[in-house]
Amino acid sequence: MVLTQNNNADTTVIRIENLCKSYSLQGTDGKSIVNQVLFDINMTVYQGEFVAIMGHSGSGKSTLMNILGCLDIPTSGSYWLSGKNISTLTENELARIRNQSIGFVFQGFNLLKRMTALDNVAVPLLYAGINRSQSRKQALALLCRTGLEKFAMHQPNQLSGGQQQRVAISRALVNHPPLILADEPTGNLDTQTSKEIMLLFEQLNREQGITIVLVTHEDDIASYARRLIRLKDGCVIYDDKNTITGDH
Amino acid sequence: MNLTTILSEAFRALRQNRLRTGLTMLGMIIGVAAVVLMLSIGQGARTKINETIAAMGSNLFLVVPGATSSGGFSFGSGSVRTLTINDAYAIADLTSIAATSPVTTGTVQLNYASKNWSTIITGTTPDYFVVGNWKMESGTTFTESDLRSAARVAVLGSVTAKNLFGEEDPIGKTIRITNRPFQVVGVLMAKGQSLTGRDQDDNVYIPITTSERQITGNQFPGSIRYMLVQGKSADDMDIAEIEITQLLRQRHRIQQGKDNDFTVRNLTAIADVATDAAKIMSIVLGAIASVSLMVGGIGIMNIMLVSVTERTREIGIRMALGANQRAILTQFLLEAIMICVLGGSIGLLLGITGAWIVSQVADMLIVITFGMIGLAFLFSSAVGVFFGFYPARKASSLKPVDALRYE
């Protein structure tokens, strides 16, 4: 086993039981139409895992990702993140969880416009209540680690896609969250840059033991992960548990 | 996120869209400038009227002889000389009365050296200057003993003194009033126009005894043109009026049911009307200006709503990074307040400048008080909170997942 801390089965990061998600839409005739997206999902992710969730578009993987990221709430079922039952938390507590426990990496990078790379990385620290100069210092340290210190004062539109995604990864890491959620992180990148980004994820997972959950529809991207979950029509159709969980 | 950080975030957001911020602010600038300008003009008018009223003296009654008529033909007020100096002294003894001053008037020619000047002569008692709230420019008023001895002493109004003496000091000099020598003992401080627009400073005052015996003469000895009566307190003016009326009726032996042969007029009541008019004027001016402030506020709300929609994705990103609803609400609210307070400050400066220009060009009295400045600030931040709250609330109540998905 590479990671010693994973030998302890109690270090569960994500536990989902019987999770369902449905949206109700107002139809043209005034009746509401219920559209169920996720059906009875069960999964457990332990600390230090690198999980890829795969599925075609419409399989519900993005909805699952939003729920995992506490951006959306499940219709039924339960979700424990680092032992906390998410469904009982208030909006403020959810905001705090997003700030402290989760780092987001998006397909479209989602950097704030007209703000330097440095300030973008510092945003989560500001919401954590750290003052501006201190958070800039910490943000710069992270940009150095991802090799972007030269671009600290550049605005997103002055950076390449790969550089922007690296800024976004720095931002996701800045509060030292135990979990990184990456939603199609290479979707807007060319093959070479995608490879670099995936190697960065792999390195973070291996060297720092950060749990990474990745959504993708590309097999070669998913191959960087050490566990694969496939979704189809809102159900888990495959969960490859021969990696870390299989050892227990 | 602490307040200073949110403040600088809000400031950054405003700076990112300078033109829009500037235009939104313009509504606020114009609104506050208009309010400050209108309030200062209104306040100026009120101050001017209050000064005039204060100069007139407080708690005053004017008692004039009544009208007489002969064969159905009225001769008008003061056509009979029913009031006497002794009436005045009797009224002065009433408990509700502070002082009285009987007055006779006439028009005379004054001479000093080669200059001469025609003016109104007022024969009165030293109390006149107390009752009328006169202040001395130089010298003193005449005294009770001057009154008793019918001394030839005179007090000049400032306009009269200027016309007769120019730059020369009039005190102790001898002037001739209808060819009789009088010594000038004092010059009054200028008062300006009365409420009715009469120049109060072109006048010469001498003891009433001297006037009656030596200058104006009198076909009815002891009678006076009018008297000024000062009540002791503003609250007892009604009682004082009744007391004066009763006393005079008694002294004049007027039977029950017969009309008075005099009229008692409460000058304070007249002043109150003028004050009320000025007050109403400043309220109306302020109200009109407030409308522009209101329109400015609606402009801010409009822009903030557009801004929230435009920045939905930014809000989503911020929420994903850990911004709670309060942080988003505060940020957008602060942006609105910042526009208002900044616009309010500029508007305040503009309003003060405008008021200064008006005071120079139109020669009007303009009064700017700290209260007004405070009010402008308070009002503009209140507008910011009021019109900024709804858009900010809208921004903060967005669901993170919806906001992030927004294109």
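The structure displayed is predicted, hence computed values, not measured ones. Just so we're on the same page: letters track the sequence lines, and every chain starts at 1.
- Heavy-atom distances place no part of B:Arg15 under 4.5 Å from chain A, backbone and side chain included.
- Only the backbone of A:Leu111 comes within less than 4.5 Å of a heavy atom of chain B; no side-chain atom from C-beta onward does.
- Across A:Lys61 and A:His56, no two heavy atoms sit closer than the pair NZ-O, 3.6 Å.
- Note on B:Arg318 versus B:Glu9: salt bridge recorded, some NZ/NE/NH1/NH2 to OD/OE distance being below 4.0 Å.
- Residue with the most contacts toward chain B among A:Leu71, A:Val174, A:Leu94, A:Asp72: A:Leu71 (heavy-atom pairs, distance under 4.5 Å).
- Only the side chain of B:Arg313 comes within contact range of chain A, with at least one heavy atom under 4.5 Å from a heavy atom of that chain.
- Contacts of A:Asp119 with chain B are made by side-chain atoms alone, with heavy-atom separations under 4.5 Å and no backbone atom involved.
- Only the side chain of A:Asn66 comes within contact range of chain B, judged by heavy atoms closer than 4.5 Å.
- Residues A:Phe106 and A:Phe104 place their aromatic rings such that the two centres sit under 6.0 Å apart.
- Between A:His154 and A:Phe151, the ring planes are perpendicular. Angles over 60° get that label, and only those under 30° would be called parallel.
- Closest approach of A:Gln165 to A:Gln107, counting heavy atoms only: NE2-O, 4.1 Å.
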